[in-house]
Amino acid sequence: MVNFSLEGKIALVTGASYGIGFALASAFAEAGATIVFNDINQELVDKGLAAYQEAGIKAHGYVCDVTNEDQVNALAAQVEKEVGVVDILVNNAGIIKRIPAIEMTAAEFRQVIDIDLNGPFIVSKAFAPGMIKKGHGKIINICSMMSELGRETVSAYAAAKGGLKMLTKNFASEWGEFNIQCNGLGPGYIETPQTAPIRVPGHPFNEFIIAKTPAARWGKTEDLQGPAVFLASDASNFVNGHILYVDGGILAYIGKQPK
Ligand code: NAP
Ligand code: GCO
């Protein structure tokens, strides 16, 4: 019997007060996992706790900046003490800056790299020892179309998400012998606050993405839930170092011929 259950597992999803992280954590809860999440400030954590409670999920929320190693190490100790050793880690927290490369400052570039690439390294490094001790673990890094493709104005984000793809393969290589599987989940263009500015009806990018997607629609966070549960469950115990793209076919498609 293929085992998609997460019963008895503890899942940490970073930056999961809302958006993709919230949707993935909700699906994990439905599959039986205990949910732990962090966000950048108490206001967001409280917002997240209320949203989980409304969904009937008893989540454990913590304030933690994924770029701050002291905060992340303290989070690992606090979660182990208050909830238990994390079995499933989703490195979801992330930002994007849409600025032409020539106009982007080095500080802006570094900020995106810090959150989207250094953060997953810092958090994985803090939680992997517990997984090794436990004899199993799942790490899921939230990659992107920009792990494979470039586009104007997202140089820092593409560099970070391309690096995250390779960090995923490296963790898979380094920790596979400890029965830790590290994979990537690569969403296409999804309806969340992060894409709201480029999803406005009539915005050229909105029409572009619909033409570039065989499914002819933006993705919804619900589209990511099943693939994430698969990667978090025993059903994927021999899948390692893989980036599972959930993009409606964008990466397979040259794009619709203009009328
Ligand atoms: P989102 O709506 O902006 O949510 C990101 C979350 O991460 C927010 O709660 C954010 O808090 C939090 N965060 C930011 N910096 C943080 C830090 N230093 N420490 C802790 N938490 C932090 O983004 P989303 O659309 O749900 O995307 C989630 C992930 O999926 C990101 O990694 C994104 O790159 C990736 N992704 C998104 C899409 C898409 O189309 N939406 C597609 C592919 C991949 P704040 O509210 O303070 O920013
Ligand atoms: C952008 C979008 C994308 C999505 C996602 C695609 O400006 O191009 O924000 O980067 O967020 O990463 O997979």
Side-chain angles (χ1 to χ4, degrees), residues 12-26 36-49 51 61-69 71-72 75 90-100 110-123 140-165 167-168 184-200 203-206 208-209 212-213 217-225 227-228 243-251:
L12 165 63
V13 185
T14 66
S17 295
Y18 61 91
I20 288 174
F22 180 83
L24 301 189
S26 301
V36 179
F37 75 101
N38 73 294
D39 221 307
I40 191 77
N41 58 48
Q42 192 60 52
E43 185 189 351
L44 275 172
V45 169
D46 291 344
K47 171 185 166 186
L49 286 170
Y62 299 87
V63 176
C64 177
D65 176 348
V66 296
T67 67
N68 183 314
E69 196 163 15
Q71 286 186 25
V72 171
L75 174 69
V90 180
N91 287 304
N92 167 77
I95 65 166
I96 191 167
K97 289 186 184 298
R98 300 183 183 95
I99 305 167
R110 283 196 188 95
Q111 186 190 6
V112 176
I113 297 290
D114 205 16
I115 296 168
D116 293 9
L117 182 55
N118 295 344
F121 172 77
I122 291 167
V123 177
I140 301 168
N141 292 323
I142 307 300
C143 294
S144 161
M145 296 290 94
M146 275 57 237
S147 297
E148 300 293 343
L149 304 170
R151 87 173 184 86
E152 301 83 355
T153 77
V154 294
S155 58
Y157 185 81
K161 293 299 187 179
L164 187 56
K165 173 177 74 171
L167 186 63
T168 299
L185 185 72
Y189 280 81
I190 311 296
E191 294 175 352
T192 73
Q194 189 246 52
T195 54
I198 56 173
R199 198 164 16 95
V200 176
H203 188 296
F205 197 85
N206 180 59
F208 169 69
I209 281 304
K212 273 290 282 180
T213 308
R217 65 173 175 87
W218 282 77
K220 299 186 179 308
T221 55
E222 292 77 8
D223 292 319
L224 303 170
Q225 292 179 315
I243 313 297
L244 178 53
Y245 288 105
V246 185
D247 66 355
I250 292 179
L251 290 179

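The model shown is predicted, which means the values in this text are computed figures rather than measured ones. One-based numbering, in listed order, for ligands and for the atoms of each.
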**Message:** Could you tell me if the side chain of K165 sits less than 4.5 Å from the side chain of E148, heavy atoms only?
**Reply:** yes
Q. Should G188 be listed as contacting ligand 1, given a heavy-atom distance under 4.0 Å as the test?
A. yes
Honestly, for L44 the part within reach of ligand 1 (heavy atoms, under 4.0 Å) is side chain
- [ ] Could you tell me whether a side-chain N or O of E191 sits under 3.5 Å from a main-chain N or O of K220, the two making a donor and an acceptor?
- [x] no
Quiz prompt | ligand 1 contact by G186, heavy-atom criterion under 4.0 angstrom | solution = no
task = May I ask you to test the N92-I20 pair for a side-chain heavy-atom distance under 4.5 Å?
result = yes
Looking only at protein heavy atoms, what sits closest to atom 5 (C) of ligand 1 is G94 O, 3.6 Å
### I140 vs L244 side-chain heavy atoms within contact, under 4.5 Å
no
### Contact check: F205 vs ligand 2, nitrogen or oxygen atoms, below 3.5 angstrom
no
Looking only at protein heavy atoms, what sits closest to atom 11 (O) of ligand 2 is Q194 OE1, 2.8 Å
| query | Under 4.0 angstrom from ligand 1, any heavy atom of S17? | reply | no
Nearest non-hydrogen protein atom to atom 34 (O) of ligand 1, with distance, is Y157 OH, 2.6 Å
re atom 4 (C) of ligand 2, the protein heavy-atom contact at minimum distance is Y189 CE2, 3.8 Å
Of all heavy-atom pairs linking L49 and G61, the shortest is CD2-N, 3.7 Å
Review point. Under a 4.5 Å cut-off applied to non-hydrogen side-chain atoms, are I209 and W218 in contact?
Key: yes
The closest protein heavy-atom partner of atom 35 (C) of ligand 1 is I142 CG2, 3.6 Å
Heavy-atom proximity to atom 12 (C) of ligand 1 ranks first, among D39, I40, T192, for D39
For I198, the atoms of ligand 2 under 4.0 Å from one of its heavy atoms are 1 (C), 2 (C), 7 (O)
min-distance protein heavy atom vs atom 10 (O) of ligand 2 -> Y157 CE2, 3.2 Å
Min N/O separation P193 to ligand 1 under 3.5 Å = no
At under 4.0 Å between heavy atoms, what of D116 touches ligand 1? The answer is neither
Using a 3.5 Å cut-off on N or O atoms only, is P187 in polar contact with ligand 1?
no
For atom 38 (C) of ligand 1, the closest protein heavy atom turns out to be I20 CD1, 3.8 Å
>> Below the 3.5 angstrom mark, is there an N/O of I96, backbone or side chain, next to an N/O of ligand 2?
In response: no
Heavy-atom proximity to atom 20 (C) of ligand 1, picking from C64, G15, G219, points to C64
heavy-atom search around atom 18 (N) of ligand 1 in the protein gives D65 OD1, 2.9 Å
Taking every heavy atom of L44 against every heavy atom of N41, the minimum-distance pair comes out as N-OD1, 2.7 Å
Taking the six-membered ring for Trp, are H203 and F205 parallel (under 30°), tilted (30 to 60°) or perpendicular (over 60°)? perpendicular
Contact region, A16 to ligand 1, non-hydrogen atoms below 4.0 Å, reads neither
>> Please tell me whether N38 and T14 have a donor and an acceptor in their side chains that are separated by less than 3.5 angstrom.
In response: no
Counting from 1 in the order shown, the ligand 1 atoms closer than 4.0 Å to a non-hydrogen atom of I115 are 15 (N), 18 (N)
Q. When you measure from the centre of the six-membered ring of Y18, is the NZ or CZ of K47 under 6.0 Å away and within 45° of the axis?
A. yes
Ranked by distance from atom 4 (O) of ligand 1, the top protein heavy atom is Y18 CE1, 3.8 Å
heavy-atom search around atom 5 (C) of ligand 2 in the protein gives S144 OG, 3.6 Å
Residue, atom and distance of the protein heavy atom nearest atom 8 (O) of ligand 2 read R151 NE, 2.6 Å
Near I95 (heavy-atom distance under 4.0 Å), the atoms of ligand 1 are 14 (C), 15 (N)
Counting heavy atoms under 4.0 Å, the part of T195 that contacts ligand 1 is side chain
If we number the atoms of ligand 2 from 1 as shown, the ones under 4.0 Å from a heavy atom of M145 are 6 (C), 13 (O)
Here the atoms of ligand 2 under 4.0 Å from any heavy atom belonging to M146 are 10 (O)
of all protein heavy atoms, closest to atom 32 (O) of ligand 1 is N92 O, 2.7 Å
among protein heavy atoms, the one nearest atom 9 (O) of ligand 2 is R98 NH2, 2.7 Å
Worksheet item: Is the shortest side-chain N to carboxylate O distance from R217 to D223 below 4.0 Å?
Response: yes
One should read off an interatomic distance between I96 CD1 and K161 NZ, to the nearest 0.5 angstrom, of 8.5 Å
**Item:** Donor-acceptor contact present, side-chain R199 to main-chain T192, <3.5 Å
**Value:** yes
- Item | Min heavy-atom dist W218 to ligand 1 below 4.0 Å | no
Are P187 and L224 packed together at the side-chain level, in the sense that at least one heavy-atom pair is separated by less than 4.5 angstrom? yes
Legend entry - Backbone or side-chain N or O of G188 under 3.5 Å from ligand 2 N or O: yes
Any side-chain heavy-atom pair of D116 and I95 under 4.5 Å: yes
Original post:
Backbone N or O of S17 within a donor-acceptor pair of the D39 side chain at under 3.5 Å?
Top reply: yes
Ligand 1 atoms nearer than 4.0 angstrom to some heavy atom of G19 are 26 (O)
TODO: In plain terms, say whether R98 and E152 are close enough for a salt bridge, that is, a side-chain N and a carboxylate O under 4.0 Å apart.
DONE: no
Going by heavy atoms, is K161 under 4.0 Å from ligand 1? yes
So for N38 against ligand 1, with non-hydrogen atoms under 4.0 Å, the contacting part is side chain
Would a distance-only check, ignoring hydrogens and angles, find a side-chain to backbone donor-acceptor pair under 3.5 Å from N141 to G184?
-> no
| query | Does CD in E43 sit with more than 12 non-hydrogen atoms of other residues, nucleotides or ligands closer than 6.0 Å? | reply | no
Within 4.0 Å of some non-hydrogen atom of C143, the atoms of ligand 1 are 43 (C), 44 (C)
*Any donor-acceptor pair under 3.5 Å from S147 side chain to C143 backbone*: no
- Any donor-acceptor pair under 3.5 Å from T67 side chain to G119 backbone: no
for atom 3 (O) of ligand 1, nearest protein heavy atom and its distance come out as Q194 CB, 3.8 Å
